[in-house]
Amino acid sequence: MEKYAGSTSYEFQKEKNKQDMKFQLVTFACMIVFTLISFGLVIAEFNPMFTIPIILLLACVQVGFQLYYFMHMSHKGHSLPSVFLYSGIFVAFITILAMVTIVWW
Amino acid sequence: MSTATVQKRGFGATLWDYLTTVDHKKIAILYLVAGGFFFLLGGLEALIIRIQLIKPDNEFISAGLYNQMFTMHGTTMIFLAAMPLIFTLMNIALPLQIGARDVAFPFLNSLGFWLFAFGGVLLNLSWFFGGAPDAGWTAYAPLSVQSPGHGMDFYVMGLQISGAGTLIGGINFLVTIVNMRAPGMTYMRMPMFTWASFVTSILILFAFPALTVGLILMMFDRMFGANFFDPTMGGNVIIWEHLFWIFGHPEVYILILPVFGLFSDVISTFSKKRLFGYSAMVFATVLIGFLGFMVWAHHMFTTGLGAVANSIFAVATMAIAVPTGIKIFNWLFTMWGGNIRMTVPMLWAVGFIPSFTIGGFGGVMLAVAAADYQYHDTYFVVGHFHYVIVGGVVFGIFAGITYWWPLLFGKVLNEKLGKIAFWPFFIGFHMTFFIQHILGLMGMPRRYWKFQPNESLDIGNLVSTIGAFLMAIGTIVFIINIIYTALKEEKCGTDPWDGRTLEWTVPSPPPFYNFKQIPLVRGLDALWVEKVQGNGEMTPAEPLGDIHMPNNTFIPFMISLGLFIAGIGFIYQVDNKQWLIVGIAGLLITFISMFVRSMKDDLGYHVHKEDLEKGAGSK
Ligand code: HEM
Ligand SMILES: [Cu+2]
């Protein structure tokens with residue numbers, strides 16, 4: 001088996017791992033930059049109406065990076081976990097939406 | 001552990017076996033016994049409520065006791081009777097229906113049961129220690145926060161512990177369905193009961209955390225001086241209502257969906273026909289589950305959410321009637337032109353369809369937000385939810401227990417007595433609850449201790465009480481049937497109902513490893529496919545080999561016992577801080593048990609091929 005498949009599939013796997021590694025490093029760098037931006041905004045004392053949405057946005061992107069590049073959700077065979085994850089997010093979202101709009105507002 | 005020669009074992013050995021079992025079929029029996037007990041207890045409370053309301057200005061029980069009675073009736077019936085009885089059905093049938101040897105996590109299955117059982121006992125201990133909870137099963141703040149005594153503390157701790165058990169059970173069934181289906185059992189070949197249980201488990205997964213959060217806030221408010229629900233301190237009482245109903249509405253679908261699935265199986269089996277519109281049924285089930293999360297505020301129309309919020313939730317609520325209607329019609333079309341056998345499960349199914357539909361009508365009326373200002377908190381609501389819960393869930397539980405009794409105990413319940421149980425229950429049910437709609441429209445509020453002689457509510461209430469006693473008679477006949485069957489009926493062997501799905505390919509009762517060889521599934525209604533093609537039995541998907549089984553364990557019992565003791569400690573530390581010692585001791589028992597579980601490798605054991613050939617485990 002090793003002799004046959006060795007060449008093609010091994011090469012492919014190696015190439016793929018290399019790709020993954022690259023993505024991980026890039027996203028890792030991005031996340032550090034994002035964090036710096038968030039801190040920077042707060043330290044520079046921008047208007048909170050500007051800072052808060054930006055930080056929330058960056059946080060969402062970071063969660064995406066975390067899930068897709070570090071926890072391998074971009075790989076095959078993760079459709080069911082995705083379904084459950086997104087259902088959970090959906091339920092949490094409407095809960096928070098309802099609380100914000102009809103209880104606290 | 002060769003059980004080839006099973007002798008009669010002593011009582012102690014049997015008891016120990018059940019205390020430590022991880023077998024889904026025995027856990028089903030445990031759920032049946034505990035859930036059945038609480039069902040009778042809740043029924044007794046219901047009768048006391050109805051006796052109090054039998055005539056105007058009655059003095060049968062005091063107002064305070066009456067409050068405890070209806071609170072415990074609702075709480076017991078929903079959390080301690082309906083839920084575990086549904087879990088009985090899931091445990092006994094679900095692994096068999098998908099061709100699995102057990103659930104994914106047998107240990108957690110047992111843990112789920114013991115948490116539920118100890119939570120239920122804790123809740124009911126309140127009767128003996130200064131009074132039961134008395135703020136309604138919905139426990140609205142601020143009433144629940146200010147309710148004196150420890151009743152509501154028992155509510156909080158009891159439901160928290162048993163809720164954890166339910167959550168564990170739900171996750172376990174999810175993983176089981178996702179990972180343990182037999183070869184060929186694709187999602188779209190799963191029996192409807194399995195599908196419904198799948199969606200139900202998703203609902204449990206997403207809905208119970210809302211209850212957990214609500215109960216934690218309530219616990220801090222009541223026992224540790226927090227102010228989440230105290231407006232004078234910046235809290236907000238409405239938060240409890242939202243959290244409770246974000247859980248509560250999905251909860252009513254958690255109860256009804258498995259029963260929908262079960263009735264689909266029953267109706268198809270006893271009409272000797274494939275379920276009409278199988279894929280539409282699956283779609284409707286998923287849609288109901290999805291919509292179920294967007295309608296909770298229909299319980300709060302009158303709290304002043306505003307016209308926009310009320311309209312959105314009203315429309316979303318009415319939308320649920322559409323998939324529900326799809327189901328009703330599919331059941332009718334399944335029966336249409338079928339070769340119908342009126343067995344007892346089928347009788348309950350046929351009784352269920354019109355009864356539940358009336359309940360749905362009531363629901364759609366309530367969903368009209370403007371009209372709900374009239375109906376809300378009257379007996380109309382009581383009529384509505386008893387029509388769906390008794391006419392749906394309880395009928396379903398009776399049907400399911402009768403249908404799967406062979407898998408539980410190897411015998412078919414006596415058909416004649418089964419029918420004698422059905423009729424008084426069915427007639428009594430309509431007598432009790434139909435008239436309550438009218439009482440509600442006449443203005444009788446719910447949770448009403450007393451009505452006065454000149455309010456023209458006398459006749460309606462009397463009829464309702466008589467109906468309740470008829471239901472009690474039906475239940476008693478059902479119990480007599482169980483005893484009679486245990487004493488007099490013969491063993492029924494494999495496939496007593498001429499079934500269509502995998503649970504009928506194994507002997508009744510099944511051997512502890514379920515399937516000697518995992519079957520190969522070749523279509524929807526897997527067994528029926530083989531019957532039609534003249535095989536009569538499943539093709540195995542694997543050669544006969546050793547079977548890996550888990551060992552029994554006492555740890556789940558200890559974990560739950562610890563939390564039970566901790567619960568008592570935390571309830572009473574409000575009066576005297578020394579009770580904290582008890583609380584901490586309880587938590588220690590739990591954590592040490594968990595530690596032992598983590599550190600000690602338990603790899604299970606194997607049933608050997610040779611023993612299987614000699615017929616190990618089959619009785
Ligand atoms: C067509 C489907 C349904 C609709 C449109 C519907 C609608 C409603 C509405 C609007 C209320 C609130 C009434 C009020 O308090 O003023 C209500 C209460 C209730 N419903 Fe339904 N419902 C439906 C089906 C069900 C089902 C299937 C169940 C359970 C199996 C259920 C159980 C309940 C319960 C327990 C309550 C009362 C809770 C309480 O206040 O104690 N409903 N329903
Ligand atoms: Cu609801």
Side-chain angles (χ1 to χ4, degrees), chain A residues 1 5 9 13 16-17 20 23-24 38 42 45 47-53 55-105, chain B residues 170-171 174-175 177-179 181 187 198-199 201-211 213-214 217 228-229 231 234-247 249-250 286 289-301 303-313 316:
Chain A
M1 181 200 135
S9 107
Q13 198 55 41
K16 203 159 170 290
N17 286 349
D20 278 358
F23 278 127
Q24 291 209 348
S38 310
V42 176
E45 295 191 10
N47 183 347
M49 286 310 280
F50 174 74
T51 310
I52 293 174
I55 292 184
L56 286 178
L57 187 75
L58 293 181
C60 290
V61 177
Q62 287 208 20
V63 169
F65 279 166
Q66 183 77 28
L67 289 174
Y68 279 89
Y69 292 106
F70 287 92
M71 296 171 73
H72 304 290
M73 247 174 69
S74 53
H75 291 189
K76 261 204 189 131
H78 287 71
S79 46
L80 206 69
S82 310
V83 169
F84 277 85
L85 208 87
Y86 285 113
S87 316
I89 291 176
F90 168 73
V91 172
F93 175 75
I94 52 172
T95 304
I96 293 172
L97 185 73
M99 287 290 181
V100 171
T101 52
I102 56 185
V103 184
W104 291 317
W105 231 335
Chain B
I171 293 172
L174 271 183
V175 181
I177 294 173
V178 172
N179 285 339
R181 283 167 290 128
Y187 280 106
F198 185 53
V199 176
S201 305
I202 299 175
L203 295 189
I204 292 179
L205 178 64
F206 292 136
F208 266 75
L211 178 70
V213 171
L217 300 186
F228 292 106
F229 304 129
N236 189 332
V237 287
I238 298 297
I239 295 173
W240 167 265
E241 278 185 48
H242 277 291
L243 286 173
F244 186 85
W245 288 118
I246 286 171
F247 147 78
H249 188 83
V286 175
F290 178 72
L291 289 174
F293 275 101
M294 296 193 273
V295 299
W296 78 87
H298 64 214
H299 297 273
M300 303 168 58
F301 283 147
T303 39
L305 305 175
V308 177
N310 270 7
S311 314
I312 293 173
F313 281 105

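First the proteins, then the strands, lettered A, B, ... as listed; each starts at 1.
- Of residues 92-99 of chain A, those residues lying under 4.5 Å from chain B by any heavy-atom pair are A:I94, A:T95, A:A98, A:M99.
- Of the inter-residue distances, the one linking A:F90 atom CZ with B:F206 atom CZ reads 10.5 Å to the nearest 0.5 angstrom.
- Heavy atoms closer than 4.5 Å to chain B are found in the side chain of A:V91, but not in its backbone.
- Comparing B:I239, B:L305, B:I238 by how many heavy-atom pairs each has under 4.5 Å with chain A, the most go to B:I239.
- Contact annotation for B:L174: only side-chain heavy atoms (C-beta onward) come within less than 4.5 Å of a heavy atom of chain A.
- When heavy atoms are compared at a cutoff of 4.5 Å, A:T101 does not approach chain B at all.
- Not counting sequence neighbours, the partners of B:H298 by the side chain to side chain contact (heavy atoms under 4.5 Å, CB included) test are B:H249, B:V295, B:F301, B:T317.
- Only the side chain of B:I246 comes within contact range of chain A, with heavy atoms under 4.5 Å apart.
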